[in-house]
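Contents: one structure, followed by commentary.
Each chain gets a letter, A, B and so on, in the order the sequences are listed, and its residues count up from 1. The figures here come from the full heavy-atom set of this structure, side chains too, leaving out hydrogens, waters and symmetry mates.
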Amino acid sequence: AQKVTQAQTEISVVEKEDVTLDCVYETRDTTYYLFWYKQPPSGELVFLIRRNSFDEQNEISGRYSWNFQKSTSSFNFTITASQVVDSAVYFCALSEVTGGSYIPTFGRGTSLIVHP
Amino acid sequence: KAGVTQTPRYLIKTRGQQVTLSCSPISGHRSVSWYQQTPGQGLQFLFEYFSETQRNKGNFPGRFSGRQFSNSRSEMNVSTLELGDSALYLCASKRTGAVEAFFGQGTRLTVV
């Protein structure tokens, strides 16, 4: 069975600090997808990034970067120079094929609080 | 392009009642999934509909049911409400063949 672990329940930083959110996953499939979502107080889950199991290239998008390492089954997310608007709960998710579709299993989330 | 729309945003119901939640997917998206989010259990998958057929189902009791209409809009119904059903219910839609899902803002259900 697939499993996603986000060991950090809550992280508190001061604005402009860099912060890394950890994600470790378990799966028996060779083909799978990993995601990060952001959930602001409004409740909506905002899609940030998708990675497939065959693409271990790191990705950078503005202040956000992701490090995917199959050897350690990790898909970590770094925010550089954090801002107050980054305060949210961040979810890592893993999808395998189920019944002809990809259904994500979510981690428990990491609450990031950025203080001014 | 409009996002996923869920109505109502907030609901208060009494134990034993039933409730229906609605979800309108992004235009052109035919897959709709429902999730329950609680502090204790996190985000849990309820079910997925595609072309008016339930394609996948999570591990929830039969009190939780859903359906999808020909325009891809979906409804979720919970009968005989229990206090433990209090949660944020999130709906997500996907394009055919896509992997990533796009979520609505959710319906916050409180059972008293």
Side-chain angles (χ1 to χ4, degrees), chain A residues 1-10 23 25 27 29-55 59 61 66 68 75 77 88-111, chain B residues 2-11 21 23 25-26 29-51 53-60 68 87-110:
Chain A
Q2 56 194 42
K3 184 179 175 183
V4 177
T5 301
Q6 294 180 257
Q8 305 149 309
T9 305
E10 183 177 295
C23 173
Y25 63 92
T27 178
D29 280 12
T30 55
T31 302
Y32 53 89
Y33 288 84
L34 295 162
F35 307 84
W36 276 95
Y37 283 87
K38 173 182 180 180
Q39 187 176 41
S42 60
E44 179 181 358
L45 279 169
V46 178
F47 168 76
L48 296 177
I49 191 172
R50 175 196 79 190
R51 260 289 174 266
N52 74 52
S53 52
F54 300 106
D55 182 3
E59 180 155 338
S61 177
W66 292 270
F68 175 29
F75 186 42
F77 173 29
V89 181
Y90 290 86
F91 291 92
C92 180
L94 165 69
S95 278
E96 300 168 336
V97 172
T98 304
S101 181
Y102 283 91
I103 304 299
T105 295
F106 288 87
R108 297 304 298 269
T110 297
S111 177
Chain B
V4 178
T5 304
Q6 292 187 244
T7 57
R9 290 291 311 280
Y10 302 92
L11 264 178
L21 313 181
C23 172
I26 293 171
H29 288 196
R30 292 168 61 192
S31 164
V32 174
S33 299
W34 289 88
Y35 294 81
Q36 181 195 65
Q37 185 178 21
T38 60
Q41 300 297 321
L43 273 158
Q44 292 187 287
F45 170 71
L46 280 156
F47 28 66
E48 180 198 19
Y49 286 86
F50 179 80
S51 291
T53 301
Q54 189 179 86
R55 184 158 66 174
N56 283 290
K57 187 177 188 307
N59 189 26
F60 277 81
Q68 187 180 33
L88 179 66
Y89 290 89
L90 290 161
C91 169
S93 73
K94 290 191 294 189
R95 285 184 296 106
T96 302
V99 179
E100 62 270 19
F102 295 89
F103 286 78
Q105 287 189 296
T107 294
R108 185 161 297 282
L109 171 65
T110 302

Quiz prompt | Proximity breakdown for A:Pro40 and chain B, heavy-atom pairs closer than 4.5 Å | solution = neither
Exercise. State, to 0.1 Å, how close A:Ser101 and B:Arg55 come at their nearest heavy-atom pair, and which atoms those are.
Key: OG-NH2, 3.3 Å
Quiz item: Which region of B:Ala92, side chain (C-beta onward) or backbone (N, CA, C, O), has a non-hydrogen atom less than 4.5 Å from a non-hydrogen atom of chain A, or is it both or neither?
Solution: neither
Exercise. With a 4.5 Å cut-off on heavy-atom pairs, point out which of A:Val46, A:Thr105, A:Leu45 contacts chain B the most.
Key: A:Leu45
Practice problem: Below 4.5 Å from any heavy atom of chain A, which atoms of B:Phe50 appear? Answer side chain, backbone, both or neither. | Solution: neither
Self-check item: Among the listed options A:Ala93, A:Pro104, A:Gly109, A:Ser95, the residue most often paired with chain B at heavy-atom distances under 4.5 Å
Solution: A:Pro104
Quiz item: Between B:Arg108 and chain A, which part of the residue has a heavy atom less than 4.5 Å away: side chain, backbone, both or neither?
Solution: neither
Quiz item: In this structure, are over 12 heavy atoms from other groups packed under 6.0 Å from A:Phe54 atom CZ?
Solution: yes
Quiz prompt | Non-hydrogen atoms of A:Arg108 and B:Gly42 that approach each other most closely | solution = NH2-N, 3.5 Å
Quiz item: What part of B:Gln41 lies closer than 4.5 angstrom to a heavy atom of chain A: side chain, backbone, both or neither?
Solution: backbone
Quiz item: Roughly how far, to the nearest 0.5 Å, is OH of B:Tyr35 from CZ of A:Phe106?
Solution: 5.5 Å
Quiz item: chain A heavy atoms under 4.5 Å from B:Glu100: which part of the residue, side chain, backbone, both or neither?
Solution: both
Quiz item: Any idea which of B:Gln44, B:Lys57, B:Gln37 has the most non-hydrogen atom pairs under 4.5 angstrom with chain A?
Solution: B:Gln37
Quiz prompt | Check: A:Gln39 and B:Leu88 side chains under 4.5 Å, non-hydrogen atoms | solution = yes
Exercise. For B:Lys94 and A:Tyr102, indicate whether the former's side chain and the latter's backbone hold a donor-acceptor pair under 3.5 Å.
Key: yes
